[in-house]
Amino acid sequence: MKGTIIMAHQFVVNATIQGISLADFHRLASDTTLHEAVCKRIPGENLEILESKKAGDIYTLKRAYNLEVNLPDIAKKLLKDAFRLKRTDVSDLSKMTSEVTLDPNLPLKAHCQRQVTGDDSQIQFQLEWSVKVNVPLIGGMLEKHAESEIRRFSQLEIGIVEDELRKNLTV
């Protein structure tokens, strides 16, 4: 299966946004500008949108950016693009599912199956992550650290998604 990571650390991130219907989300998510607006607000530097295209119900968004990590400025300068991340989201807008692949400049592989469900009063996100760090002896510890960072960035992103959805509902 494409994107499957063997013997990986796995975890699930769940989130709910109240006050936005699944129908409204579906309508707004069909507009690529919403996805690009969210992407531009994710904490990081040197964002490049490499691809943003919609073919029928399939939307592909590829981007690269330097992660905003907690390091002293001198370390960031020395490491420059060490934390550069390429991220690809391939979304099926009719099924409200996505495959997310993270491709960092590190010995890490991360893949997510994302699903959005809901009703007339709320939407729910379920992100099923698999993370594998290919570093002998400390890979498991690094996978748990990667999980905490992915959880943190997922919550930030869902907050940005909520804000962008609410902005677009009032327009």
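Worth saying up front: this structure is predicted, and the values here are computed from it rather than measured.
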- Would a 4.5 Å heavy-atom cut-off, applied to side chains only, mark I123 and L165 as touching? yes
- Message: Whether the side chain of Q113 engages the backbone of E128 through a donor-acceptor N/O pair (distance < 3.5 Å, no angle test) should be reported.
- Response: no
- Spacing of T16 atom OG1 and E162 atom CD [to the nearest 0.5 Å]: 10.5 Å
- E147 with K144: basic N within carboxylate O range, under 4.0 Å: no
- If we only count heavy atoms from C-beta on, is the S154 to W129 side-chain gap below 4.5 Å? yes
- Using a 4.5 Å cut-off on heavy atoms from C-beta on, say whether the side chain of R27 contacts that of L169. yes
- Item | From S30, S52, S91, residue fulfilling side-chain hydrogen bond (donor to acceptor under 3.5 Å, both in side chains) relative to Y59 | S52
- Check: D119 side chain, Q122 main-chain N or O, donor-acceptor pair, under 3.5 Å: yes
- Query: What distance do D24 atom CG and H26 atom NE2 have between them, rounded to the nearest 0.5 Å?
  - Reply: 12.0 Å
- Compare all side-chain heavy atoms of I49 with those of L61 and state whether any distance is below 4.5 angstrom. yes
- Task: Find out whether F125 and V116 are in side-chain contact, i.e. whether some heavy atom of one side chain is under 4.5 Å from a heavy atom of the other.
- Result: yes
- Query: Roughly how far, to the nearest 0.5 Å, is the NE2 atom of H145 from the CD1 atom of I138?
  - Reply: 11.0 Å
- Query: Do the side chains of M141 and L108 join up, straight or via other hydrophobic residues, at under 4.5 Å, putting them in one cluster?
  - Reply: yes
- Message: Within a 6.0 Å radius of atom CG on D120, are there more than 12 heavy atoms belonging to other residues, nucleotides or ligands?
- Response: no
- Would you kindly confirm whether L50 and L102 end up in one hydrophobic cluster when ILVMFWY residues are joined by side chain heavy atoms under 4.5 Å apart? no
- Item | side chain to side chain contact (heavy atoms under 4.5 Å, CB included) partners for D103, two or more places apart | K86
- Note on the structure: Output for pair (I17 CD1, L22 CG), nearest 0.5 Å, gives 11.5 Å
- Option passing salt bridge (charged side-chain N to carboxylate O under 4.0 Å, His left out) with E157 (candidates K40, R87, R152): R87
- The reported gap from CZ in R63 to OG1 in T88 (rounded to nearest 0.5 angstrom) is 8.5 Å
- Message: Can you give me the closest heavy-atom contact between L156 and P43, atom names plus distance?
- Response: CD1-CG, 3.9 Å
- Query: So, do I150 and L127 sit near enough that their side-chain heavy atoms are less than 4.5 Å apart?
  - Reply: no
- Item | Side chain proximity check, Q126 to T117, heavy atoms < 4.5 angstrom | no
- Task: Search all heavy atoms of H35 against all heavy atoms of A29 and return the closest pair with its distance.
- Result: NE2-O, 2.7 Å
- Common cluster, L47/V161, ILVMFWY with side-chain heavy-atom separation under 4.5 Å: yes
- Query: Can you name the closest pair of heavy atoms from E164 and A37 and give their distance?
  - Reply: OE1-CB, 3.7 Å
- Task: Indicate yes or no: does R84 engage E48 in a salt bridge with an N to O separation below 4.0 Å.
- Result: yes
- Between the CG atom in D89 and the CD atom in E51, the distance rounded to the nearest 0.5 Å is 11.5 Å
- Decide, yes or no, whether a salt bridge links D163 with R166 under the criterion of side-chain N to carboxylate O below 4.0 Å. no
- Close side-chain approach of E143 to K132, heavy-atom, < 4.5 Å: yes
